[in-house]
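Lettering of chains follows the sequences in order, A, B, ..., and the numbering in each one begins at 1. Computed from a predicted model, the values in this text were never measured in an experiment.
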Amino acid sequence: MRRYSVFAIAREAMRYHEGWERAWPAPTPKPRYDVIVVGAGGHGLATAYYLGKNFGITNVAVIEKGWLGGGNTGRNTTIIRSNYLQDPSSAIYEKARSLYEGLSRDLNYNVMFSPRGLLMLAQTEHEVRGYKRTVNANDLQGIETRWIGPQEVKDLVPMINLHGPRYPVLGALLQERGGTARHDAVAWGYARGCAAMGMHILQNCEVTAIRSENGQVSEVETTRGTIGCKKLAIVVAGHSSVMAEKAGFRLPVESMALQALVSEPIKPMIDVVVMANTVHGYLSQSDKGELVIGGGTDGFVNYSQRGSWQHVEETIRALIETFPPISRLRMLRQWGGIVDMTGDRSPILSKTPVGNIFINCGWGTGGFKAIPGSGWAMAELVANGEPGPLAADFGLERFREGRFIDESVAAGVAH
Amino acid sequence: MSDMVSALNGARFEGFAEITETGLCGMVQIRADLASAGLAQALGGLGLSVPGRRAILSAGDLELGWMSPDELMLFCPRDRAAAITQQLAQALGGEHAMVLDVSDARVRFSIRGEKADQVLMKLCPVDLPTLPQGEIRRTRAAQTAVAFWRVDGGLDLIAFRSVAGYVMGLLKHSARPGAELF
Amino acid sequence: MLRLTCPHCGVTAEETELTPGGEAHLRRAGPDATDAEFESYLFARKNPKGVVFERWRHAHGCGKWFIAARHSVSWQVFGTYPAQTTEPPADLIETIRAAIPTWEGWQ
Amino acid sequence: MTRRITRLDRGGRLIDRARDITFCFDGRRIPAHPGDTLASALLGAGHVLQGRSFKYHRPRGPVAAGAEEPNALVTLGGRARMEPDLRTTTTEAFDGAEARSQNRWPGLGLDLLAINDRLSAFMPAGFYYKTFMAGRSWEKLFEPIIRRSAGLGPAPTEADPDSYEQAYAFADVIIVGGGVAGLAAALEHGRAGARVWVLEQTPHWGGRAVVDAEADGATIDGLAPEAWVKAALAELEALPNVTLRTRMLAAGLHDHAHLIALESVADTTPGADLPRQRLWRMRAGKVIVAAGALERPLSFPGNDRPGVMLASAVRDYIVNWAVSPGKRIVILTNNDDAYRTALVALDAGIAIPAILDLRKTPNGPLVQAVRDRGVRILPGHSIAKVLGSKQVKGIALCRHESRGEAWLERIPCDAVAMSGGWSPTVHLWSHCGGKLAWDTEAAFFAPDPDKPPLGADGKAMAQCVGAAAGALRLDACLASAMSAAPQVETPAEEPIQPVWVTPAEAGPHLRAKMWLDFQNDVKVSDIQLAAREGYQSVEHAKRYTTLGMATDQGKLSNINGLAILSQALDQPIPATGTTTFRPPYTPIGFGAIAGEARGEIFQPLRRTAMDAWHEDQGAHWEPVGQWRRPYCYPGKAEPHSAAIEREVLAVRNSVGMLDASTLGKIIVKGPDAGRFLDMIYTNMMSTLAVGKCRYGLMCSENGFLMDDGVVARLSEDTWLCHTTTGGAEAIHAHMEDWLQCEWWDWKVWTANVTEAYAQVAVAGPNARKVLEALGGVDVSREALPHMSWTAGPLGGFDARIYRISFSGELGFEIAVPTSQGMALWSRLLEAGKAFDIRPYGTEALHVLRAEKGFIMIGDETDGTVIPQDLGLNWALSKKKADFLGKRAHQRSFMASPDRWKLVGLESLDGSVIPECAIAPAPGENANRQRNTQGRITSSYYSPTLKRGIAMGLVHNGPDRMGEEIIFNADGKEVTARIVSPVFYDPKGEKLDV
Ligand SMILES: Cc1cc2nc3c(=O)[nH]c(=O)nc-3n(C[C@H](O)[C@H](O)[C@H](O)COP(=O)(O)OP(=O)(O)OC[C@H]3O[C@@H](n4cnc5c(N)ncnc54)[C@H](O)[C@@H]3O)c2cc1C
Ligand SMILES: NC(=O)c1ccc[n+]([C@@H]2O[C@H](COP(=O)([O-])OP(=O)(O)OC[C@H]3O[C@@H](n4cnc5c(N)ncnc54)[C@H](O)[C@@H]3O)[C@@H](O)[C@H]2O)c1
Ligand SMILES: Cc1cc2nc3c(=O)[nH]c(=O)nc-3n(C[C@H](O)[C@H](O)[C@H](O)COP(=O)(O)O)c2cc1C
Ligand SMILES: [Zn+2]
């Protein structure tokens, strides 16, 4: 596959860019693969990529019912951070974040990782304690974060209102190398990387049934025919329960709509990512200039990629209170994604009741940041049949044992 | 008692409708099987009957509103609340019922004027034009719980006492002169 | 934002007047339950892409819990009924069957 | 560049020529009339150049006259009222308005960033994915450059001084669009008695038909459309069941027929004491979309030059605002409608040097009418190049079926009117799932009436009529909207010939000059590049090129873009499909979305009866849920720490009082109340004696500790449960949930009476004396022992007094009706004077309880802690067969003896251990993280003991008394000794007095 570089662009400019080749081919399905990954979102593609890169398993198909990256990977607010409280979480998110640091070069595709700094505002004493606890935990986990006072918050976000009548800003948890990345590029870059190793990415191909014998899956039925496999990785986010049902088990997951919206583009207004969890809103500005804003989740099962209007109101109210100048900006577009919420709001990377099916789901409102780390850990699980240390605590059995990984205790939210 | 004060001490606002915090008001919460004969009899002692679903009815200076399938709210002069509570509790002694004097848990506002409806049309997800006289509607106003019903010349509204200031703020914002909807 | 009619007070309330309460008709697993039963009760969810039976409370209203049968993609509402029951009413089941002949049932 | 005044001498149906107003544009005074938009007035004053494109900073003029405008964006207003990115085409001009051009430096005429245009060959779609990958060059160098040059208008920096509001409305039928179709639908439903609302985004009724009739003389029921509209409005206004609203945008149609609309109330009167905008939340039985159609541009080289406009926009400027976009206008079209523009232009005395018709043999009546007036019509011809840079100077003529390299002629002109056909405005139909069908004949996507968006009942919740339904001709348009449609005379039209690129065989050089998304600088070549590189799904192509992602959201050219994508992929247009239509139709302001909720009424603020007193005393507030509670009462210039110390010592040494009104109070009554509380609490409540109090714990079904508080048994069948401040509503709801959904046959009533009572805690060795000074019920040790309650008069108040203590001192909590709360508070202050009574706040409360080793929900618990972790096993009844959380505690992880458990901790040097510190343990885990063995849950300076005290959860803590462990916080290490968590009065002697 041709490498991308500034020279390649210059060369192509001379011939009106008529010479670029496909970033990933559109192959016809083979009858059988070593591994089928269902779901060409970031997590599915990264799983395939690291199966090839770390384990040399390249006879892999990634099956996607729509267009690759069209699920939550293509519709999230792109926040990347690893300042989680619990050890298992911070381990996998930090693995992901550190992979993001070199991802563009690794993939030869600029995913525009932008470690511009991430702030989680503390607006109650309770939040202050929660975030201080996180800073202390992060210190032992090898993650660089720090607690900053209101003045430093103001320096980083000049438009912030520190003295809101209700919730003054008491400080913030800062992760300087948290930030954002270009969401589509992450999916596209991994897809190109997979294709370069000869893997098949089969789009417009929906898995409609899973055939298993003696507790082992043998093949899947798809809208493009029956395809055999030795191992099956289910990585379909909001549709995990649907796939699990086809495989014959139930998950501790509910699918709900999470909404996001963007403003019209404006000149740089905010250079960092800010999350304000007391009032429920988070905000960053994309390289194109729009404010990218995320809000609340509907509390009911929803597979519609639309959400309820009141969450938009809640979010905007909260953000205007904290960032008063945004009041005269306008909402350009709103949309939703179907997120998979687990019983403890932490993800699942697990073996399943079916021997050679592995599941990766439950990233809920916060899995974009995890994509490289999750793919890495999932590849290990699929290749070895057993979780490695990154995935070890995220097995399904934790729900039976009462061994939850609850992140909301410090942050109140899990994005 | 002389040292009793209502939440906003009778605050008023003149906008395109007139908003008043009505001062102390007696409120008695009744939870019971609304179909029970005992309840009908107990209320009968006050000249009242059991209101139908979502209805609010009045007798003299008493009003009785249907709050839920097993809950009524009786409005009375503040100084009669304790006695009425006792009277009802006694009358319902044999039943599985609960009667509580909750007079101070809530605040009551009056919204008066031809455009009173419009004040609430800005705050409540309720089809005001179709709200009949004699119905009590529980809902929210902006971000807090309220209930309201029609009275002569406008609407009366109750909300929780602790948010009286917030609700007054809402009503004032809504009723700003010149900001009529129609 | 959806609207549901509360079967207790008859008000058609919008979502902001209601509180969702998750999957309906779960059977509580008490102290004698096995680990698997208890896990299933607390966590295993049907989460169907199709007809859901879900609990709602008319929180900014009469305060009562009820159950709504709704489609999780189209948001079509087939009916609501009080929560004081262990299974959906038969006529509602009929209604859903009529609307979706391929429906696999509520359990 | 010379500017010519182009305001025509006559006409202008929307402007009030008798009145003059002026506004400012980039510092220049622009004359205008009421009724003008900024665009019409600017054009009238000769300012065609009104903006710069996003990426290449190309000079741009308005291409449209309405909501689909991508180019002419300005910033309106200054300082706090500055609003970026407004379309001049939809912004009403008002006297004194200040508008500024944007995305240019230093000026609109000379923009140095237009260098990007020169480099455009190196910046095709997605170029940034292919480079800037070396080292940290992206984050350090390229991203900052890109960010600065991207964006459009400037970012506001001040708080918005205006206010906003919302309103709710309910209707049988909401009609979106006040053109003839919308009005006809309104007549239809209004006459039938339905509750009807008609929403029109502009200030004017009538839509296109009134403009078009100026050209074609069409009539409705024998009336000119203008007259028909007037009559229709008169009839509708007289109907009490019909509400007509202009300046009201239907922004989004959501599930269950929830329509979000934005009304402009005071946009043109800044500073007026009115809500600037009003966001309507509407519910409809049915929404009728009569939003008309949007004209499409044509893709030809140089189609983005200022002066190139949609043919309908040219017509609108002439008819509505008496502005001519040019003195010589060349028309390029593939359909008959554009000939209407020729006719109105000719009537206005504007020259039409040529009409280039992409069709081979145009010959309809409209064509004929133009031909009759001597206009040169060139079938099969097209434009090879637009001459001029900041303003059209002419065009180079070529054949459509050519590569566009052979120029047949140069035709001088100062404007080009283009028409690529029309697309129904289906946005609202599509927001909630309405499907579209491609109409090959008419070359547009129209709503598929068989696949409407569905409402709650599973039936259609929307319907399209008029041009929005694809009924473009006036007769069809009205027939679609009304059952007894009026008689319409309108000229016949010949079919459109779909043309997506012209000249048809243009090579890559020219395709790179054909704009699709004008604002984002997406050209035909970019879409073709996306297709070539495998971004073939329309959604990939959109995201790769940013087609349709600009502020017009593809209203102008999305259809052209996907037609070109289809061609590139050699597939029919329906196989490509559209991208997803998302609300809002046009952008709506955040201020209006937030509505009234700002400042004082941002959120409900809950206040106790004593709130004003606390405020007067200068209390420092702490938000607790929606309540605010005094954190401490600092004196003038007194640091908080000193105030807290003073408050703690007052309680320890004499007496203090605390406003405890916010604590939850829930009455539980009934024959099954005891049984019920035994399920809700982990300990036994049914055995509590009447008159007694008991501290209780509640767990979730998942086993985690969720709330605690003192329960008092009021009578044989009635209990009163105190909850935490934050817990009252949640716990009440939790109780009702179990009662209604699980144990609905149990006879229990609950009531949340939190707000009915004000409650004051009086604590300290002199507490009893204060109560006795008030006089009333006997509160002696014998009459009212610890953990009991009594009721009776106290200082004339009808009070309930609980003898409970959260401070470890002799304590009473006195509850009176809320209306007397302040009076009680004052009397206690008065009576306490002799003992130097002090009010204390939540922080002193926390310190006092920590000195006693009492846990605090939210500090010692965080949603992962179970009672066993806190040494509260005594509160887990072994006698009860069941309670919420019991089964959960049996699970292996919770039953494990190997958990972190509560202990007290003392730093060796007496310092305060940083709160939330964590204790590392030797070694690392498999993920190379330091192992840990405990954490601090509460840490305070104890004024009583004059040293730091702390509580924490430590691995097997209670078995390690006396051991020293190291805590890590803020990069420092503190050594602490594990001790009992009860630091003060371990025997409880102070309580029992
Ligand atoms: C609005 C919003 C904002 C968010 N913000 C953030 C954020 O700021 N930071 C963050 O870290 N995370 C965020 N998230 C979460 C994040 O987007 C997700 O966790 C993450 O993208 C999940 O990736 P995935 O690959 O698991 O799933 P997806 O990207 O959803 O991919 C799953 C794929 O499976 C496919 N699929 C489903 N069923 C089948 C089938 N039967 N056959 C074949 N294919 C199938 C789907 O079409 C889909 O493409 C947000 C999510 C949303 C919705
Ligand atoms: N012959 C042709 O090629 C052709 C093509 C298109 C239109 N037309 C003519 O245009 C007219 C169409 O009449 P019509 O009534 O269907 O449409 P219209 O365009 O006349 O009216 C639509 C109205 O809806 C308003 N609107 C659009 N979106 C809105 C929203 N979201 N909220 C509020 N208002 C909104 C517009 O401002 C406009 O006033 C007819 O006269 C028809 O002949 C002709
Ligand atoms: C980070 C981010 C930035 C976005 N910026 C824009 C934008 O500038 N313009 C736009 O129209 N949409 C923008 N979108 C929204 C997308 O157009 C789209 O709505 C979203 O990805 C969901 O896809 P869907 O609407 O096709 O379902 C953005 C989305 C994301 C996640
Ligand atoms: Zn109800």
[X] versus chain A, heavy atoms under 4.5 Å apart: side chain, backbone, both or neither?
| X | answer |
| --- | --- |
| D:T551 | both |
| D:H258 | side chain |
| D:L529 | side chain |
| D:M549 | both |
| D:A550 | backbone |
| D:L119 | neither |
| D:P84 | both |
| D:L73 | neither |
| D:Q166 | side chain |
| D:I866 | neither |
| D:N968 | both |

With a 4.5 angstrom heavy-atom cut-off, could you sort out which part of [X] is near chain D: side chain, backbone, both or neither?
| X | answer |
| --- | --- |
| A:S286 | backbone |
| A:Q305 | both |
| A:R182 | side chain |
| A:E18 | both |

Best-contacting candidate, A:M112, A:M14, A:E125, A:M269, against chain D by heavy atom pairs under 4.5 angstrom:
A:M112

Under 4.5 Å, counting heavy-atom pairs only, tell me which of A:V111, A:V135, A:I266 racks up the most with chain D.
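Most heavy-atom pairs within the cutoff with chain D belong to A:I266.
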
Do D:W138 and D:Y128 have ring centroids that are under 6.0 Å from one another?
no

Can a side-chain donor-acceptor contact be found between A:S5 and A:R3 if the only test is distance below 3.5 angstrom?
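Distance-only check fails for A:R3 and A:S5.
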
In terms of side-chain heavy atoms, does A:Q86 have a donor or acceptor partner in A:D406 at a distance below 3.5 Å?
no

Would you call the rings of D:Y544 and D:Y535 parallel, tilted or perpendicular, taking 30° and 60° as the class edges?
parallel

Do the rings of A:W188 and A:Y109 sit parallel, tilted or perpendicular, given the 30° and 60° boundaries?
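Answer is perpendicular, since the angle exceeds 60°.
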
Yes or no on side-chain hydrogen bond (donor to acceptor under 3.5 Å, both in side chains) for A:S114 and A:R116, after CA distance, side-chain angles and deciding distance?
CA-CA 5 Å; A:S114 171; A:R116 54 181 69 177; 3.0 Å; yes

Can D:R511 be said to sit on top of A:Y16's aromatic six-ring, NZ or CZ under 6.0 Å from centre and within 45° of the ring axis?
no

